[in-house]
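Encoded as structure tokens, the structure appears first; notes follow it.
A note on names: the letters A, B, ... follow the listed sequences, proteins ahead of strands, and every chain is numbered from 1.
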2 protein chains.
Amino acid sequence: MLEAMLKNAQAAQKEWALSHTQVRNDALEQMIHLVRRDQDKILSANRRDLDAASELPKALANRLALSPEGLSKLLQGLKVVIDQPDPLGTGMGQRTLPNGLSIEAIRVPLGTIGLIFESRPGVAIEAVALALKAGNAMILRSGHEAKGTVAAIVACWQEALTKTGFRADLVQQILDPDRKYVDALLHLRGLDLLIPRGGPALIQKVVAEATVPVIETGVGNCHVYVDRQADLDMAVNIVINAKVSNPAVCNAAETVLVHQDIAEQLLPELAKALSAQGVQLHADSRALSLVPGAVLATNEDFAKEYLSLDLAVRVVANIDEAIAHIEQYGTKHSETIVTNDYSQGERFLKMVDAAAVYINASTRFTDGYQFGFGGEVGISTQKLHARGPMGLEALTTWKWVGRGHGQIRS
Amino acid sequence: MLEAMLKNAQAAQKEWALSHTQVRNDALEQMIHLVRRDQDKILSANRRDLDAASELPKALANRLALSPEGLSKLLQGLKVVIDQPDPLGTGMGQRTLPNGLSIEAIRVPLGTIGLIFESRPGVAIEAVALALKAGNAMILRSGHEAKGTVAAIVACWQEALTKTGFRADLVQQILDPDRKYVDALLHLRGLDLLIPRGGPALIQKVVAEATVPVIETGVGNCHVYVDRQADLDMAVNIVINAKVSNPAVCNAAETVLVHQDIAEQLLPELAKALSAQGVQLHADSRALSLVPGAVLATNEDFAKEYLSLDLAVRVVANIDEAIAHIEQYGTKHSETIVTNDYSQGERFLKMVDAAAVYINASTRFTDGYQFGFGGEVGISTQKLHARGPMGLEALTTWKWVGRGHGQIRS
């Protein structure tokens with residue numbers, strides 16, 4: 001079954017790859033129109049999905065639920081994708097060899113992309129929009145709880161594409177809930193990229209087993225380091241925002257590191273503000289007495305992506321100890337320093353190896369929508385091909401185009 | 001053992017990554033000086049390697065052999081690497097979010113790179129030069145026949161690095177011939193990239209088994225398509241060059257596709273020229289009568305990377321049949337069309353999916369030295385991260401640097 005889906009996707013993508021920017025944008029405009037037209041249909045499919053999944057934990061049910069406002073925000077993202085410059089056909093550097101042969105790298109689509117995601121149906125709008133704009137076909141496999149909602153969205157995509165004169169096969173959904181299709185996707189020869197977007201278990205399985213090209217996304221054990229010369233109000237604001245604004249996502253902070261010289265001033269105030277938000281603190285032995293209501297943190301706490309209203313706290317001797325802690329426990333996702341010391345800030349930006357490093361800003365900005373990409377297909381925590389939020393360019397590759405007049409190699 | 005090598009490489013790379021362009025170039029200059037000083041030492045090590053490998057087939061012995069001229073060409077490549085702009089620290093696009101947060105993607109090194117290569121000792125000069133210039137550490141594993149030559153080269157690298165004030169551990173060689181170290185390298189957690197550079201068996205093993213990030217290099221089943229409106233002398237020159245100038249390499253042509261309208265004119269002449277160079281032709285049934293001395297080609301011939309003085313020939317009805325043939329049998333390496341028809345040429349460039357596509361030029365230009373990179377760490381035939389000859393940029397990644405003044409996400 002997957003082989004046939006892939007073959008149809010490849011055939012459709014070949015035409016799509018040659019289409020002009022305007023045509024691809026027209027299809028996205030159509031999609032906005034159709035989602036508005038079918039809004040009730042999509043939302044009732046979502047209600048049916050929610051009813052059928054009544055046993056879901058609350059956090060997961062929240063992910064699954066789609067509101068009119070949520071849908072409207074997704075369509076805003078679609079507009080941003082339309083407004084972005086077309087990555088395809090862009091020259092990435094041309095040179096003429098001494099013999100007159102011109103060579104130039106030109107951006108082209110990746111081809112057919114597989115996306116395995118959990119039960120967050122909006123992904124079927126934002127990720128597909130990016131994939132299509134970048135000239136690709138996409139095969140979707142959602143968590144089974146979201147299947148109905150995703151099917152309603154995919155129906156809109158397919159109508160948008162056929163109305164624009166292209167094949168519906170550019171966007172396909174694996175509907176059969178059998179897990180064997182996930183396994184088959186991992187080994188689907190000819191698939192140009194497979195992206196797992198979901199929890200650590202899914203991502204680890206895909207990365208460990210897949211023989212098709214994969215981009216690892218998402219696990220985020222992010223830190224806020226508050227340096228000696230920090231604005232303490234700013235520090236409190238950033239920690240609260242990084243932890244509390246959405247604890248269930250990968251760019252939320254999981255540990256605060258505090259310079260020993262300001263621990264006594266900062267920690268009681270920070271603890272108070274966090275407690276008011278319902279955050280449970282896990283403090284190391286040095287921080288414990290300064291943080292009322294905290295429990296003692298273990299090394300497992302520092303290694304954990306809580307994804308909940310829990311936060312580890314540790315007092316460090318200096319910036320180097322903070323950097324070493326991040327190196328040991330971090331997942332190379334997003335790290336931030338709060339400081340007014342220029343050289344310490346620059347040192348942190350240089351020394352910390354992560355997809356995104358910030359000075360005086362929340363870790364929560366590592367997000368395709370925030371970065372202005374209109375959405376994201378995931379946040380890459382690997383170093384090859386894409387790093388951080390994956391927008392249009394992450395879904396392209398290039399070819400070298402050589403134009404000669406008979407050149408041979410001597 | 002490998003864990004200790006990696007740990008030392010990582011420690012050394014951390015300092016190296018922060019070094020300025022001039023310092024990294026100084027180390028490469030030192031290397032040029034030291035290879036010249038130790039030329040006799042390196043060449044005698046190479047003679048000992050050759051003596052010990054007297055049972056090697058001639059083609060492999062040729063690869064292993066290092067001449068004073070070969071060494072001098074490698075040092076020329078080193079100079080080109082020195083002259084190239086430093087990729088590190090380069091901004092790849094900056095934007096300021098509506099809230100005033102500045103985000104910018106900055107090129108940084110990958111980290112520690114493993115390279116498994118066959119017995120071609122020059123790789124230990126060109127690939128290491130690129131890796132170091134791009135701020136990385138490298139762990140080398142050469143074919144065992146080249147071990148002594150590579151060790152003499154690595155000794156020069158280590159001296160060049162310590163003389164520049166850095167750690168010798170930036171360049172290390174796995175000397176133990178036990179195959180288990182190759183297997184261990186495939187699973188060496190923390191290695192940022194592993195590149196196999198060698199024959200199809202090695203590459204397939206690495207790609208199929210590795211759990212560390214890998215870039216697939218090298219297998220090249222390349223085609224020359226001669227269109228109806230081609231300059232026939234140019235076509236003959238390009239085919240001869242693509243096949244004969246070095247049949248043992250991946251960018252050599254393995255099949256010629258000829259438009260049926262010019263087959264009668266071109267093929268006898270082409271066959272004569274190729275026979276004079278000792279090429280054995282394998283012709284399809286339509287080409288056979290036009291090509292004296294050819295044997296009948298099977299589908300296996302079209303699928304084969306001969307890497308020898310053999311060449312398949314097929315007559316096609318039109319450019320679409322040529323493109324379909326390349327899609328079926330090609331390995332997405334290098335493909336060329338010979339034509340004076342503008343629209344057919346552009347069609348070929350657009351429709352053929354390969355790392356390099358040419359019009360009126362030999363496939364043999366797909367090469368880091370030819371492209372002006374000073375050498376290459378390999379030729380990527382995959383679509384993720386790097387495509388075609390891998391120079392400095394292929395050995396880097398980036399980080400997103402965010403500079404704020406207290407921004408939090410609303």
Report which part of A:Arg95 has an atom under 4.5 Å of a heavy atom belonging to chain B: side chain, backbone, both, or neither.
side chain
Is B:Ile215 close to A:His385 at the side-chain level, that is, under 4.5 Å between some pair of heavy atoms?
no
By a 4.5 Å heavy-atom criterion (distance strictly below it), what part of B:Gln370 contacts chain A: side chain, backbone, both, or neither?
both
Toward chain A, the part of B:Leu193 with a non-hydrogen atom under 4.5 Å
side chain
Heavy-atom pair with the smallest gap, counting every atom of A:Ala361 and B:Leu101
CB-CD1, 3.7 Å
Between A:Lys399 and B:Lys350 the two heavy atoms that sit nearest each other are NZ-O, 3.2 Å
B:Ile408 portion near chain A, given a 4.5 angstrom heavy-atom threshold:
both
Are there residues of residues 351-359 of chain A whose heavy atoms fall under 4.5 Å of chain B's heavy atoms? If so, which?
A:Met351, A:Val352, A:Ala354, A:Ala355, A:Ala356, A:Val357, A:Tyr358, A:Ile359
Check whether A:Leu110 gets within reach of chain B through its side chain, its backbone, both or neither, counting any heavy atom under 4.5 Å.
both
Region of B:Asp367 in contact with chain A, defined by heavy-atom distances below 4.5 Å
side chain
Between A:Arg387 and B:Val108, is the side chain to side chain contact (heavy atoms under 4.5 Å, CB included) condition met? List the steps.
CA-CA 11 Å; A:Arg387 208 170 193 203; B:Val108 296; 4.0 Å; yes
Over 12 non-hydrogen atoms of neighbours within 6.0 angstrom of NE2 in A:His187
yes
Please classify the contact between A:Ile103 and chain B as side chain, backbone, both or neither, with a heavy-atom cut-off of under 4.5 Å.
side chain
Is it the side chain or the backbone of B:Glu346 that comes within 4.5 Å of chain A heavy atoms, both, or neither?
side chain
Looking at side-chain heavy atoms only, is the closest gap between A:Leu349 and B:Arg403 below 4.5 Å?
yes
Heavy atoms only: give me the nearest B:Trp400-A:Pro389 pair and the separation to one decimal.
NE1-CD, 4.3 Å
Checked A:Gly402, A:Gly388, A:Gly404 vs chain B; the most non-hydrogen pairs under 4.5 Å come from A:Gly402
Against chain A, residues from residues 330-339 of chain B with at least one heavy atom under 4.5 Å, in numeric order, are none
Less than 4.5 Å to any heavy atom of chain A: does that hold for the side chain of B:Leu18, its backbone, both, or neither?
side chain
From the list B:Asn246, B:Thr366, B:Asn251, side chain to side chain contact (heavy atoms under 4.5 Å, CB included) with A:Arg409 holds only for B:Asn251
Sort B:Glu327 into side chain, backbone, both or neither according to what part of it lies under 4.5 angstrom from a heavy atom of chain A.
side chain
Side chains of B:Thr397 and A:Leu384, heavy atoms from C-beta outward: is any pair under 4.5 Å?
no
